[in-house]
There are 2 protein chains.
Amino acid sequence: MYEQLAKSIGEKVALTTEEFELCKTFFIPKKIRKKQTLLLEGDVCTYNAFIEKGVLRSYTIDDKGNEHIVQFGFEGWWVTDLSSYLTGANSIYTIEAIEDSELLLLTASAREELMIQIPAFERYQRLLLQNAYIALQTRVNSALNATAEEKYLNLTASYPTIIARVPQHMVASYLGLTPETLSRVRKQISLRK
Amino acid sequence: MYEQLAKSIGEKVALTTEEFELCKTFFIPKKIRKKQTLLLEGDVCTYNAFIEKGVLRSYTIDDKGNEHIVQFGFEGWWVTDLSSYLTGANSIYTIEAIEDSELLLLTASAREELMIQIPAFERYQRLLLQNAYIALQTRVNSALNATAEEKYLNLTASYPTIIARVPQHMVASYLGLTPETLSRVRKQISLRK
DNA sequence: AAATAAAATTGATTTAGATCAATGCCATTT
DNA sequence: AAATGGCATTGATCTAAATCAATTTTATTT
């Protein structure tokens, strides 16, 4: 149940066996079925979820009722609404399982305590955040300046996992395109080779 | 010279006077004139710059020769290309002063050393990064899903400083709009009230 | 396996914003 | 004060992507 977590931490910092055993005790394992939600818009996001198995997405719904996917999560990724999780504000996002999933939940206070008891864990969290920030910067760039086709090609290059495991209309939503546009973009690309 | 830095750190964590004195020694003060660059595209970003005074911007230039502003920085903000700074990769950004500015530069190794010697500084860095991440997430949302007018109104609401201190065509670039479109959007808004 | 629902594709039309082009407006510099 | 060059504004036109609509394909449920 903790294989992915061990792997994820191990890639960034070194924990002793005892430290990792201690670490485990702070997490709450949870299974969640496809289409079930971990967080509902309007609620406070009480957990940071590490994904041992499965796929999740977080999304907002705008005034016109359109869904906008903000983030996907796969095995070995963390998913949360950081803003709500850290400040306790009501979330504007819904987090939902796309496939049956196994999660390890960490409350904000458990996370604080873990970072105090195991300094390497604070380091791990900071490194994760750095990477997430860099990835997000790339995404802003693509969102602002790329054409529909470029957005799609950038995504296939950077995150083939997303293309492979997520329904096409969700990929479209993640890229800020309509499903029709993404379908046409894919057709264009396939015709060219 | 270190007023803004003291203020910025003080808002997030508590340092003793000795700690802050030690902290100062890790920084390299640097004055930079309007239009001078701190980082040139293709170079490695060796510094994380804290802005004591002035305004900076970072931008990329795409294949068609168009500038895309990625980030602005004002007094009390940090500016760098995090990806290049942390990994040593060549940067795709240029960082340039929009006004005469006073900076406090921190190399990556100085930063590492500081985080080891003063744990509260690592905490400070993590908190900064959290806030930056949350802000960036909002920006992605706006970039993907908002109309030109919404993008502009969001920005005026969240960062009036940017509107006030930065030339309009740079604001347009930051929002992913042409200067013409931003001009028209502003006109529309002013006609309505 | 049949029925139903959801997803993807394709076509026709519309539209927000880009592009192209010209003019007026400040702000430096001389 | 005149001259220069970068900005902002305004108008006309174009275009990438959205919207609307229908059909086919693929998943789910019964």
Side-chain angles (χ1 to χ4, degrees), chain A residues 33-36 54-55 57 59 61-69 72 96-100 141-156 162-192, chain B residues 33-36 55 57 59 61-69 72 96-100 140-156 162-192:
Chain A
R33 297 204 140 268
K34 185 169 174 171
K35 295 212 174 151
Q36 284 188 326
V55 185
R57 65 178 178 134
Y59 62 92
I61 297 176
D62 69 19
D63 334 311
K64 287 150 224 141
N66 300 319
E67 261 179 38
H68 300 287
I69 296 182
F72 291 110
E96 185 187 286
I98 297 181
E99 300 176 3
D100 294 355
N141 249 292
S142 183
L144 284 173
N145 310 127
T147 63
E149 180 169 325
E150 286 164 351
K151 285 178 196 176
Y152 178 70
L153 290 175
N154 289 346
L155 188 68
T156 26
I162 294 182
I163 310 291
R165 282 184 72 179
V166 161
Q168 196 172 307
H169 70 282
M170 290 190 187
V171 173
S173 167
Y174 181 79
L175 292 174
L177 304 174
T178 59
E180 293 94 327
T181 295
L182 182 55
S183 174
R184 281 185 254 262
V185 161
R186 281 165 49 86
K187 176 141 209 208
Q188 280 307 311
I189 293 169
S190 73
L191 287 177
R192 273 209 304 275
Chain B
R33 300 204 136 268
K34 187 171 171 167
K35 294 208 175 157
Q36 283 187 326
V55 186
R57 64 177 177 133
Y59 62 92
I61 297 175
D62 68 21
D63 333 311
K64 288 150 223 143
N66 300 319
E67 261 180 38
H68 301 286
I69 297 182
F72 291 111
E96 186 187 284
I98 296 180
E99 300 176 2
D100 294 355
V140 173
N141 249 291
S142 182
L144 284 173
N145 310 126
T147 63
E149 180 170 323
E150 287 164 351
K151 284 178 194 175
Y152 178 70
L153 291 175
N154 289 346
L155 188 68
T156 23
I162 293 181
I163 310 290
R165 283 183 73 178
V166 161
Q168 196 171 308
H169 70 281
M170 289 189 188
V171 174
S173 167
Y174 181 77
L175 292 175
L177 305 174
T178 60
E180 294 94 329
T181 295
L182 182 55
S183 174
R184 282 184 255 260
V185 161
R186 281 164 50 85
K187 176 142 209 210
Q188 280 309 310
I189 293 170
S190 72
L191 286 178
R192 273 208 304 276

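Below, all heavy atoms of this structure are taken into account, side chains as well, without hydrogens, waters or symmetry copies.
- Note: CD (B:Gln188) to P (D:dG11) measures 11 Å, nearest angstrom.
- For B:His68 and C:dA18, the NE2 to C1' distance is 13 Å, given to the nearest whole Å.
- By the side chain to side chain donor-acceptor pair (under 3.5 Å) test, A:Glu67 is found to be paired with A:Arg57, residues two or more places apart in sequence or in another chain being considered.
- With respect to A:Asp100 and A:Lys34, no salt bridge is recorded, no charged nitrogen being found less than 4.0 Å from a carboxylate O.
- Rounded to the nearest 0.5 angstrom, A:Leu144 CG and B:His68 NE2 are separated by 9.0 Å.
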All N/O contacts under 3.5 Å from nucleotides 25-30 of chain D to the protein, with atom names and distances to one decimal?
{"residue": "D:dT28", "atom": "OP1", "partner": "A:Lys34", "partner atom": "NZ", "Å": "3.2"}

Decide yes or no on side-chain contact (heavy atoms from CB on, under 4.5 Å) for B:Val166 and B:Ile69, but give the supporting numbers first. CA-CA 12 Å; B:Val166 161; B:Ile69 297 182; 6.0 Å; no
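- When rounded to the nearest whole Å, the span between CD1 of A:Ile98 and C1' of C:dA7 equals 14 Å.
- Distances shorter than 4.0 Å separate none of the side-chain N or O atoms of B:His169 from OP1 or OP2 on D:dG6.
- Sorted by first then second residue, the salt bridge (charged side-chain N to carboxylate O under 4.0 Å, His left out) pairs that include residues 172-183 of chain A, not counting sequence neighbours, number zero.
- Residues passing the ring-ring contact (aromatic ring centres under 6.0 Å, His included) test with A:Phe72, sequence neighbours excluded: A:Tyr174.
- Using a 4.0 Å cut-off on heavy atoms, the residues of residues 141-148 of chain A that approach DNA chain D are A:Thr147, A:Ala148, listed by number.
- Distance A:Arg184 CZ to D:dA17 P: 11 Å, rounded to the nearest Å.
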Walk me through it: do B:Asn145 and A:Asn66 pass the test side-chain contact (heavy atoms from CB on, under 4.5 Å)? CA-CA 10 Å; B:Asn145 310 126; A:Asn66 300 319; over 6 Å; no
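- Under the side chain to side chain donor-acceptor pair (under 3.5 Å) criterion, A:Ser183 pairs with no residue, sequence neighbours left out.
- Shortest non-hydrogen contact noted between B:Ala143 and A:Ala143 is CB-CB, 4.0 Å.
- Residues passing the salt bridge (charged side-chain N to carboxylate O under 4.0 Å, His left out) test with B:Asp62: none are found, sequence neighbours excluded.
- Scanning all heavy atoms of the two residues, the minimum distance from A:Ala172 to A:Leu182 falls at N-CD2, 3.6 Å.
- Applying the side chain to side chain donor-acceptor pair (under 3.5 Å) rule to B:Glu149 yields the partners B:Arg192; only residues at least two apart in sequence or on another chain are considered.
- Every salt bridge (charged side-chain N to carboxylate O under 4.0 Å, His left out) that B:Glu99 has, sequence neighbours left out, goes to B:Arg165.
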Dot-bracket, DNA chain C: Watson-Crick or G-U, under 3.5 angstrom, [ ] crossing, | other strand? ||||||||||||||||||||||||||||||
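- Separating the CZ atom of B:Arg186 from the C1' atom of D:dT10 is a distance of 15 Å, rounded to the nearest angstrom.
- In this structure, the NZ atom of B:Lys187 is 13 Å from the C1' atom of C:dG24, given to the nearest Å.
- If you take CD of B:Gln168 and P of C:dC25, they are 16 Å apart, rounded to a whole angstrom.
- A heavy-atom distance below 4.0 Å to DNA chain C is reached by these residues of residues 170-183 of chain B, ordered by number: B:Gly176, B:Leu177, B:Thr178, B:Glu180, B:Thr181.
- Computed from coordinates, the B:Tyr152 OH to C:dG17 C1' distance equals 17 Å when rounded to whole Å.
- Applying the side chain to side chain donor-acceptor pair (under 3.5 Å) test to A:His169 and every residue at least two apart in sequence or in another chain returns nothing.
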